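Atoms within a ligand are numbered from 1 in the order they appear, just like the ligands themselves. When a residue number appears, it is its place in the shown sequence, counting from 1. None of the values given here were measured: they were computed from a predicted structure.
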Amino acid sequence: MEKLTKIEHIGIAVDDLKASERLFEMLLGAPSYKREEVESEGVLTSFFKSGPNKVELLQATRPDSPIAKYIEKRGEGLHHIAFAVDDIRAEMERLRSGGFRLLNEEPKAGADGKLICFIHPKDSNGVLIELCQDAPKSGD
Ligand code: CO
């Protein structure tokens with residue numbers, strides 16, 4: 001069975017969300033369809049669609065945000081690739097037992113109603129990988 005079923009979105013770290021939204025609206029030919037703050041991560045996100053694919057722009061909302069630290073170290077740019085999974089706990093266990101270090105031991109709430117987990121970029125050729133599963137809706 002397929003484990004990581006598709007690229008769910010690509011995350012790009014930006015300094016100025018408003019300016020980058022204008023840029024990506026021009027580039028993709030469609031405006032952002034959603035903005036969402038993830039308080040726990042210290043990020044403000046903005047999502048774009050390009051056909052079946054999504055781009056997530058991320059701006060830090062505080063100096064200790066992982067995005068602020070990332071930009072300080074490496075500048076703006078490609079931050080992570082997110083893959084969809086059907087069962088995030090099973091995938092976390094599979095990857096953990098395969099020697100990948102997970103940046104969070106339990107799935108956490110991400111933007112866009114997802115349960116997410118990040119894998120240490122040192123274990124994937126310098127690319128931060130996000131696993132994401134559609135979170136069960138309340139009432140399900
Ligand atoms: Co993401």
Side-chain angles (χ1 to χ4, degrees):
M1 201 181 91
E2 229 179 344
K3 304 293 185 182
L4 273 55
T5 56
K6 64 170 184 175
I7 290 179
E8 213 287 328
H9 63 269
I10 291 172
I12 298 174
V14 305
D15 270 327
D16 178 343
L17 192 65
K18 250 195 182 141
S20 296
E21 279 176 330
R22 283 195 296 272
L23 194 71
F24 275 80
E25 178 171 348
M26 284 282 289
L27 180 70
L28 300 174
S32 166
Y33 66 93
K34 178 160 77 170
R35 254 197 191 194
E36 187 179 340
E37 184 168 358
V38 185
E39 175 64 43
S40 57
E41 296 290 298
V43 295
L44 182 60
T45 66
S46 183
F47 284 89
F48 291 79
K49 281 197 178 105
S50 170
N53 304 119
K54 289 193 254 177
V55 174
E56 173 188 36
L57 303 181
L58 305 115
Q59 179 202 279
T61 55
R62 47 173 201 259
D64 68 340
S65 158
I67 295 299
K69 289 179 186 163
Y70 180 89
I71 289 178
E72 200 182 297
K73 253 170 113 173
R74 304 174 65 167
E76 293 181 291
L78 183 61
H79 180 258
H80 65 269
I81 299 177
F83 289 91
V85 296
D86 292 327
D87 183 344
I88 195 165
R89 285 177 190 278
E91 284 313 291
M92 287 168 69
E93 194 42 52
R94 182 178 70 84
L95 294 171
R96 190 186 284 125
S97 58
F100 290 90
R101 283 165 291 174
L102 308 180
L103 296 188
N104 47 292
E105 293 305 318
E106 284 294 314
K108 58 184 181 179
D112 208 20
K114 306 286 186 190
L115 284 175
I116 66 169
C117 177
F118 286 104
I119 295 161
H120 201 297
K122 289 216 165 99
D123 294 339
S124 45
N125 293 112
V127 179
L128 179 62
I129 302 290
E130 175 186 341
L131 305 178
C132 63
Q133 178 193 328
D134 286 323
K137 306 225 169 29
S138 53
D140 279 5

- Message: Side chains of His80 and Glu56 only: does a donor on one sit below 3.5 Å from an acceptor on the other?
- Response: yes
- Task: Please determine if the Co ion (ligand 1) has an N/O/S atom from Glu130 lying under 2.8 Å away.
- Result: yes
- Query: Has His79 got an N/O/S atom less than 2.8 Å from the Co ion (ligand 1)?
  - Reply: no
- Would you mind checking if Glu130 and Lys114 are paired as a salt bridge, meaning a charged N to carboxylate O distance below 4.0 Å? no
- Query: Can you tell me if His9 has an N, O or S atom under 2.8 Å away from the Co ion (ligand 1)?
  - Reply: yes
- Message: Below 2.8 Å, can you find an N, O or S atom of Glu56 next to the Co ion (ligand 1)?
- Response: yes
- Glu21/Lys18 salt bridge by N-O under 4.0 Å criterion: no
- Heavy atoms of other groups near Arg74 CZ, more than 12 under 6.0 Å: no
